Protein chains: 2
Amino acid sequence: METLDTVPDEDFLRLDHQICFSLHAATRAFNGVYREALKELGLTYPQYLVMLVLWEHGELPVKGIGERLRLDSGTLSPLLKRLEAGGYVERRRSPEDERSVTVRPTSEGTALKEKARGVPRRIAAATGLDLADIRDLRERLDALAVRLDGVDPDELNVCR
Amino acid sequence: METLDTVPDEDFLRLDHQICFSLHAATRAFNGVYREALKELGLTYPQYLVMLVLWEHGELPVKGIGERLRLDSGTLSPLLKRLEAGGYVERRRSPEDERSVTVRPTSEGTALKEKARGVPRRIAAATGLDLADIRDLRERLDALAVRLDGVDPDELNVCR
DNA sequence: CGCGATTAAGTTGTGCACAACTGAATAGTG
DNA sequence: CACTATTCAGTTGTGCACAACTTAATCGCG
């Protein structure tokens, strides 16, 4: 039987070429489709993810957004500043904890939810997948992400 | 039966939250693992993809690399400049067509292939997937990318 | 209570992705 | 053959991801 251990390094380099490239390409293809669908909303794809989180939770500290989207303040701070400049969110130092900044959608940001309502259906249609396929792919990707996030860095270096 | 047409918009927004986020997160988790594995080679993940292509083909014009990796000159030009500064590749105006620039690995760049030999196996091990799973996931992602790249932009806008 | 450790957000710097554009070379058509 | 259209690489500008760091507030231990 053909397993991870019976394939020579040389073939592996080629196989790897396929898999890492495939993920890379699929992600960018997805980004392209979202970019197009979100153009009329004036949102980028990461900004849309932030708005989805805020529509669901109403208001969150920056840290809370970061936990849900797995993004740090170095990414979120400028992104939120742009969303604020666009009039979609408000940022306010929390009175209870002055270190924390609470982010919430403005009325304009909330109104945007209605305009965004049709987006996911059009995206799903564009993938050509049915609900079961989408769920299946999502579960695989989630499991993969959890697995990869938990990898011990030492496993990845030659010196161990 | 539950299909794309029988799910209300509201649920769809939540489902969408899951799927787009999953892909996003999996990609970044993958990038993190590659980042760690490639640290000792002095390559970033996109630089590694370029080197994989060059190791396989020996020498290619910028356009050829871009076609294989689905990247344009705006991304590749500075990336290749960094690879050249690192001593891994050489760039030369093609004598036959002065518009074209031929990229090829230097001896140092070729030597790097040996150091990179163990990387894909360690990555594959980190995913916790076996060969069949990897192939299956790759095929799904490829099909998805092809489908998404071929989407008519009009399908994605409300005004149609 | 006081002070060092931790936490939150922000800043800086590097690299990638992509749109829009430039300039130079080539291809193709009348 | 001349001249327009296309092609190729590169540049510019915007935005995201992340590492490393800064600053300010809070926590918690002695």
Side-chain angles (χ1 to χ4, degrees), chain A residues 20-21 23-36 38-39 42-50 60-67 69-86 89 91-103 145 149 153, chain B residues 20-21 23-36 38-39 42-50 60-67 69-86 89 91-103 145 149 153:
Chain A
C20 65
F21 169 66
L23 189 75
H24 210 66
T27 298
R28 283 179 299 118
F30 235 116
N31 282 342
V33 169
Y34 269 105
R35 196 194 323 279
E36 186 64 32
L38 294 173
K39 209 187 296 183
L43 293 177
T44 66
Y45 180 55
Q47 288 167 7
Y48 171 69
L49 292 181
V50 168
L60 280 173
V62 173
K63 180 179 164 57
I65 300 173
E67 278 165 1
L69 297 182
R70 198 189 165 285
L71 291 172
D72 68 6
S73 66
T75 300
L76 285 174
S77 286
L79 189 157
L80 291 169
K81 207 180 285 180
R82 282 186 284 272
L83 280 179
E84 190 175 40
V89 306
R91 290 187 301 165
R92 222 178 62 240
R93 283 273 153 199
S94 162
E96 306 90 62
D97 185 342
E98 290 275 329
R99 292 172 303 180
S100 176
V101 166
T102 302
V103 183
D149 277 334
Chain B
C20 65
F21 169 67
L23 190 74
H24 211 65
T27 298
R28 282 181 298 118
F30 236 116
N31 282 342
V33 169
Y34 269 106
R35 196 192 324 279
E36 185 63 32
L38 294 173
K39 208 189 293 181
L43 293 178
T44 66
Y45 181 55
Q47 287 166 7
Y48 171 68
L49 293 182
V50 169
L60 279 174
V62 173
K63 181 179 164 56
I65 299 173
E67 278 165 0
L69 297 181
R70 197 187 163 285
L71 292 172
D72 67 7
S73 67
T75 300
L76 286 174
S77 286
L79 189 157
L80 291 170
K81 208 180 285 181
R82 282 185 285 272
L83 280 179
E84 189 175 40
V89 305
R91 291 188 299 166
R92 221 178 63 239
R93 282 275 153 198
S94 162
E96 305 90 63
D97 186 343
E98 290 275 327
R99 291 171 304 182
S100 176
V101 166
T102 301
V103 183
D149 277 334

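None of these values were measured; they are calculated from a predicted model. Chain letters run A, B, ... following the sequence lines, proteins first and then strands; every chain starts at 1.
- Rounded to an integer number of Å, the gap from CZ of B:Phe30 to P of D:dC18 is 15 Å.
- Look at B:Glu36 and B:Lys39 and you find a salt bridge, because one of the NZ, NE, NH1 or NH2 atoms lies within 4.0 Å of a carboxylate O, short of that distance.
- Look at CG on A:Leu49: it is 14 Å from C1' on D:dG15, rounded to the nearest Å.
- With sequence neighbours left out, A:Pro46 forms a side chain to side chain contact (heavy atoms under 4.5 Å, CB included) with A:Thr44, A:Leu79.
- Residues that satisfy the salt bridge (Lys or Arg N to Asp or Glu O under 4.0 Å) test with B:Arg93, not counting sequence neighbours, are absent from this structure.
- The side chain of B:Ser100 contributes an N or O atom lying less than 4.0 Å from OP1 or OP2 of D:dA9.
- Contacts of A:Ser100 classified as side chain to side chain donor-acceptor pair (under 3.5 Å), with partners at least two apart in sequence or in another chain: none.
- Atom CG of A:Leu83 sits about 4.5 Å away from atom CD of A:Gln47, to the nearest 0.5 Å.
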Output one line per pair: protein atom, nucleotide atom from nucleotides 1-3 of chain D, and distance, for all N/O pairs under 3.5 Å.
none

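- The nearest pair of heavy atoms linking B:Leu76 to B:Val62 is CD1-O, 3.8 Å.
- One atom, NE2 of B:His24, and another, P of C:dA17, lie 13 Å apart when rounded to the nearest Å.
- In this structure, B:Tyr34 atom OH and D:dC18 atom P are separated by 16 Å, rounded to whole Å.
- With sequence neighbours excluded, no residue satisfies ring-ring contact (aromatic ring centres under 6.0 Å, His included) with A:Phe21.
- Residue contacts for A:Pro78: at a heavy-atom cut-off of 4.0 Å it reaches no nucleic acid atom on any strand shown.
- The side chain of B:Ser77 lies closest to D:dA9 when the candidates are D:dG15, D:dA9, D:dC18.
- If B:Pro46 and A:Val101 are placed on DNA chain C by their nearest nucleotide, the residue sitting closer to the 5' end is A:Val101.
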Pairs under 3.5 Å (N/O, protein and nucleotides 19-27 of chain D):
| residue | atom | partner | partner atom | Å |
| --- | --- | --- | --- | --- |
| D:dT26 | OP1 | A:Glu98 | N | 3.1 |

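- Partners of A:Asp97 under the salt bridge (Lys or Arg N to Asp or Glu O under 4.0 Å) rule, at least two apart in sequence or in another chain, are A:Arg99.
- If you measure from atom CZ of B:Arg92 to atom P of D:dG10, you get 14 Å, rounded to the nearest angstrom.
- Take B:Arg70 and apply the salt bridge (Lys or Arg N to Asp or Glu O under 4.0 Å) test, not counting sequence neighbours, and it matches B:Asp149.
- Toward the 5' end of DNA chain C, the nearer of the two residues A:Leu80 and B:Leu71, judged by each one's closest nucleotide, is A:Leu80.
- Regarding A:Leu79, its CG atom lies at a distance of 12 Å from the P atom of C:dG10, rounded to whole Å.
- Atoms CZ (B:Arg93) and P (C:dG23) sit 15 Å apart, rounded to a whole Å.
- Residues passing the salt bridge (Lys or Arg N to Asp or Glu O under 4.0 Å) test with A:Glu98, sequence neighbours excluded: none.
- When each of C:dA9, C:dA17, D:dA17 is scored by its nearest atom to the side-chain atoms of A:Pro61, the top-ranked nucleotide is C:dA9.
- Among the nucleotides D:dA9, C:dA9, C:dC18, the one closest to any side-chain atom of B:Val62 is D:dA9.
- Among the protein residues, B:Leu76 comes within range of no part of the nucleic acid, since none of its heavy atoms lies under 4.0 Å from any strand.
- An OP1 or OP2 oxygen of C:dA17 is reached within less than 4.0 angstrom by no side-chain nitrogen or oxygen of B:Arg70.
- Atom CG in B:Leu23 sits about 13 Å away from atom P in D:dA17, given to the nearest Å.
- Checking the phosphate oxygens (OP1, OP2) of C:dT11, a side-chain nitrogen or oxygen of A:Lys81 falls inside 4.0 Å.
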